[in-house]
Number of protein chains: 2
Amino acid sequence: MVETAKKTGKSRDAKLPDLSDGIGFRPLYKQVKDSFIQQMVNGDWRPGDKLPSEFELAARYGVSQGTVRKTLDELAAQNLLVRQQGRGTFVATHNPDRALFHFFHLVGDDGSRQLPTSRVLSRVKRLATSDEEKRLGLKPGSNVICIERVREMSAIPVIVETIAVSAKRFSGLAKVPVEDLPNNLYELYEEKYGVIIYQAEEYLSAVAADATDAEHLGIEPGLPLQQIDRLALSVDRRPVEWRMSRCLTTQHRYLSLID
Amino acid sequence: MVETAKKTGKSRDAKLPDLSDGIGFRPLYKQVKDSFIQQMVNGDWRPGDKLPSEFELAARYGVSQGTVRKTLDELAAQNLLVRQQGRGTFVATHNPDRALFHFFHLVGDDGSRQLPTSRVLSRVKRLATSDEEKRLGLKPGSNVICIERVREMSAIPVIVETIAVSAKRFSGLAKVPVEDLPNNLYELYEEKYGVIIYQAEEYLSAVAADATDAEHLGIEPGLPLQQIDRLALSVDRRPVEWRMSRCLTTQHRYLSLID
DNA sequence: CAGTGGTCTAGACCACTTA
DNA sequence: AAGTGGTCTAGACCACTGA
């Protein structure tokens with residue numbers, strides 16, 4: 001049950017501050033939204049789960065079905081939920097389609113899309129560097145699990161990448177056999193740790209290949225590479241994974257759609 | 001006045017094909033949306049214009065205010081309209097804020113945002129290359145207006161770019177004094193030609209600076225540059241401008257937010 | 001104060017999926 | 001046929017802006 005907008009509005013008109021919801025007016029549908037998000041953060045609703053029907057939720061929260069609908073529509077617009085007429089509303093998953101069209105932006109010169117395969121070079125648990133602490137929001141002295149891998153498209157190596165996550169948050173990850181690390185790590189974070197990645201910030205720049213890059217990609221050192229510095233955030237907007245990719249863009253491009 | 005959903009639905013249940021709206025069911029609010037978009041394409045509603053109120057529009061189209069609201073909310077979500085409580089609904093413009101946060105993605109290493117200044121190197125009208133014909137969807141033998149410029153941030157040259165638009169569509173543009181070409185060309189397209197840019201596809205890759213790049217940017221040839229190949233589309237999804245930018249990413253990054 | 005968009009409700013009916 | 005989301009309506013009231 002949530003505070004009604006009417007009551008909230010009235011209490012705001014009064015001269016006394018409204019302690020019941022602190023910062024003032026907050027629409028019902030946003031209060032409901034906060035609650036839904038919290039249930040995804042908590043793991044009560046996990047990726048792929050089916051939500052109760054609109055009427056069921058409305059009754060549970062003591063609001064109208066139209067208000068719940070507004071909440072669900074917003075969450076669907078943010079790709080946190082998927083709605084299907086006749087079937088129901090589901091928590092979004094990092095299935096191959098979503099990975100391909102939403103989170104992976106390298107496309108072929110001809111516009112073709114495919115996910116690269118991965119070969120893990122190393123997987124270590126070690127003290128976080130100061131950059132890693134900063135980007136991942138870790139306390140000084142924290143450990144990270146660091147994965148290095150080479151990714152191929154059409155059997156040609158095109159990406160070398162370094163991935164860092166909190167060792168505390170992903171404690172089991174240091175023990176998984178490297179050959180069992182999946183290509184799509186976000187799916188793993190979801191399934192094994194209940195962590196939903198829903199947002200990422202990517203900083204792109206052009207850099208020269210160093211000797212290691214050159215060796216892994218089979219090119220000359222000094223050639224230009226597309227560097228992608230990605231911080232992936234969870235539903236509660238906490239940083240989860242920091243990934244640095246260097247990509248050969250002779251046969252591929254990074255596609256950024258605006259609007 | 002538009003076809004009601006009820007009627008459309010019923011006519012679809014009948015065995016005979018429904019000729020009245022061709023491809024079958026189309027929700028009222030989408031029919032209204034099509035009409036609104038058409039009015040922006042036609043130039044009946046120009047950037048900055050205030051729309052009639054929801055009730056006024058509802059009466060005009062013979063639908064309820066809630067249906068108009070759904071249309072307006074969708075268009076606002078697409079950044080085609082801007083809604084302001086108490087003031088009204090307006091056609092979106094390419095004001096500096098929008099340009100800075102929505103269409104220009106180079107940010108400082110420290111996360112700072114600023115628009116670069118522009119210095120035009122050349123502005124010519126000439127036959128389109130086959131690439132330009134293809135990207136801009138021009139008939140063979142069409143002319144383009146081509147602008148080359150260098151852009152600076154904090155008085156340091158960081159971008160060299162080549163811009164091509166249809167000479168037919170932007171006929172006056174060949175005669176504007178080059179010193180009067182504004183930094184924000186999208187604003188010019190809006191104001192002088194009624195063309196609203198609302199979407200862009202950017203293809204990013206890392207390239208080596210050639211001799212010309214190097215000269216304009218004051219760097220050594222061969223250094224890596226961030227290339228941005230951008231096609232800007234109008235409200236009716238027709239290509240309007242093709243722009244090729246090469247950027248120095250030593251002090252800056254291209255920021256891509258996912259979700 | 002009038003006018004505008006924002007929130008919320010209640011109810012009807014349509015479209016789609018599944019059994 | 002039952003259950004779900006999708007569309008549409010009508011009406012009440014709130015929040016914000018500007019004359």
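This is a predicted model, so every value here is computed, not measured. Just so it is clear: chains get the letters A, B, ... in the order the sequence lines come, proteins before strands, and each one is counted from 1. Just the heavy atoms: all of them, side chains too, but no hydrogens, waters or symmetry mates, feed the values below.
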Could I get a table of every N or O pair under 3.5 Å where one atom is in the protein and the other is in nucleotides 2-6 of chain D?
unit_1	atom_1	unit_2	atom_2	d
D:dG3	N2	A:Gly86	O	3.1
D:dT4	O2	A:Gly86	N	3.3
D:dG5	OP1	A:Thr89	OG1	3.2
D:dG5	OP2	A:Glu54	N	3.0
D:dG5	N2	A:Gln85	NE2	2.8
D:dG6	OP2	A:Arg69	NH1	3.3
D:dG6	OP2	A:Arg83	NH1	3.2
D:dG6	O4'	A:Gln85	NE2	3.2
D:dG6	N7	A:Arg69	NH2	2.9

Inset, instruction - Only counting residues at least two apart or in another chain, list the ones meeting salt bridge (charged side-chain N to carboxylate O under 4.0 Å, His left out) with A:Arg243. - result: A:Glu161, A:Glu241

Got a list of side-chain donor-acceptor pairs under 3.5 Å for residues 41-49 of chain B, not counting sequence neighbours?
unit_1	atom_1	unit_2	atom_2	d
B:Asn42	OD1	B:Gln38	NE2	2.9
B:Asn42	ND2	B:Gln38	O	3.4
B:Arg46	NH2	B:Glu190	O	3.4
B:Arg46	NH2	B:Glu191	O	2.9
B:Asp49	OD2	B:Arg46	N	2.8

Legend entry - Partners meeting side chain to side chain donor-acceptor pair (under 3.5 Å) with B:Asp110 (sequence neighbours left out): B:Ser112

Legend entry - Short side-chain N/O contact from B:Thr67 to OP1 or OP2 of D:dT9, under 4.0 Å: yes

Inset, instruction - Round to a whole Å and report the spacing from CG of A:Leu28 to C1' of D:dA12. - result: 15 Å

Inset, instruction - Go through the structure and list residues passing side chain to side chain donor-acceptor pair (under 3.5 Å) with A:Thr89, not counting sequence neighbours. - result: A:Arg83

Legend entry - Qualifying salt bridge (charged side-chain N to carboxylate O under 4.0 Å, His left out) pairs, either residue in residues 192-204 of chain B, two or more places apart: B:Glu202-B:Arg230

